[in-house]
Amino acid sequence: GAVVSQHPSRVICKSGTSVKIECRSLDFQATTMFWYRQFPKQSLMLMATSNEGSKATYEQGVEKDKFLINHASLTLSTLTVTSAHPEDSSFYICSAAGWADYGYTFGSGTRLTVV
Amino acid sequence: AQKVTQAQTEISVVEKEDVTLDCVYETRDTTYYLFWYKQPPSGELVFLIRRNSFDEQNEISGRYSWNFQKSTSSFNFTITASQVVDSAVYFCALSLIYNQGGKLIFGQGTELSVKP
C-alpha cells in the first residue's frame, strides 16, 4: 500500500529558530500534499494544500511567511516553521494524494516543541 | 460550506460493551466522500473506512460496522464487544473530491476509553 514517511517524529527547538519537516511518498507520486496542525485534545486543522510545482494554498488565518511549504517534486514536500515560538508547539501531520486510488495517505506526524 | 460534527467529545465504556460513535455532516453537494479514522496515543492516523455518497449500504468489518443514512446526514460507527485496544480518538471526515485536490474536513473527534 501507499506509504508516506514523515521526519522527524519529534523535534525540540529554541524559540526563534526554524524547523523543517519532511514528508516523502515512498511508493507513489504525491501530486497533492495537505499539511495539518493538531493541538492537544483538538481536531486536525488544515493549514495548506500544495500541488507539485505550484505555490501552496493556505487556509485563512495561516501565515504563509511563517509556515513555508515546498512541494518541488512528486515525492517530497516540506514544511518549514520559521522563527518558531512556543505557541507553534503542536503536532504537524501531512497527507498525500496521488493519481492511484490510494486515497489520503497520512504521515506519522511530527511533534514540535518550541522552548 | 461543509461541516462535520461529532457531538460526543468523550465516551467511556467497559470492555465487551458495544459503543456507537456519532457523526453528522453538512454539505450541499450531491457527490461527497465520508471517512473514519482512528488516532491512537502515538498520533498516527489509521484509515478505517471510506464511503461515497451514492453508496448507502451499511458495512461490517469484524467488530466494526458503519451506518450511513443520507436522510439524516449521518455516518455512525459502531464497535461491537469493545476491547481495550480500541481506546483512541476517532475522527469522522468529509471530502468533496476524492483523492486529487480535495481537502478532508474533520470533525472534532471522539475520545473513546475502553476500560478493562
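Here is how names work: the chains are called A, B, and so on, in the same order as the sequence lines, proteins then strands, and each is numbered from 1. The analysis underlying the following values was restricted to heavy atoms, covering all of them including side chains, and did not include hydrogens, waters or symmetry mates.
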Closest approach of F91(A) to Q39(B) (non-hydrogen atoms, all atoms of both residues): CE2-NE2, 3.9 Å

Q57(B), CD: over 12 other non-hydrogen atoms inside 6.0 angstrom: no

Interface moiety of L46(A) toward chain B, non-hydrogen atoms closer than 4.5 Å: side chain

Side chain / backbone / both / neither for Q6(B) at chain A, heavy atoms under 4.5 Å: neither

Rounded distance (nearest 0.5 Å) linking atom CD of Q108(B) with atom CG of L44(A): 12.0 Å

Transitive ILVMFWY side-chain link V24(B) to F35(B), under 4.5 Å: no

Heavy atoms of other groups near K38(B) NZ, more than 12 under 6.0 Å: yes

Over 12 non-hydrogen atoms of neighbours within 6.0 angstrom of CD1 in I12(A): no

Cluster overlap V4(B) with Y90(B), hydrophobic side-chain contacts below 4.5 Å: yes

F106(A) vs Y37(B) side-chain heavy atoms within contact, under 4.5 Å: yes

Hydrophobic cluster identity match, F47(B) and Y33(B), side-chain contacts under 4.5 Å: yes

Evaluation steps, side chain to side chain contact (heavy atoms under 4.5 Å, CB included), between Y36(A) and F106(B): CA-CA 11 Å; Y36(A) 293 86; F106(B) 286 89; 3.7 Å; yes

Atom NZ of K70(B): over 12 foreign heavy atoms under 6.0 Å: yes

Proximity breakdown for I105(B) and chain A, heavy-atom pairs closer than 4.5 Å: neither

Sidechain-backbone polar pair: Y104(A) side chain, G102(B) backbone, donor-acceptor under 3.5 Å: yes

Contact origin within T9(B) toward chain A - heavy atom pairs under 4.5 Å: neither

Q42(A) versus F91(B), closest heavy-atom pair with distance: O-CZ, 4.1 Å

Worked verdict on K103(B) versus F34(A) for side chain to side chain contact (heavy atoms under 4.5 Å, CB included): CA-CA 7 Å; K103(B) 58 185 179 183; F34(A) 305 93; 3.9 Å; yes

Any donor-acceptor pair under 3.5 Å from S43(A) side chain to G109(B) backbone: no

Contact origin within Q6(A) toward chain B - heavy atom pairs under 4.5 Å: neither

K66(A), NZ atom: more than 12 neighbouring heavy atoms under 6.0 Å: yes

Cluster overlap Y64(B) with L112(B), hydrophobic side-chain contacts below 4.5 Å: yes

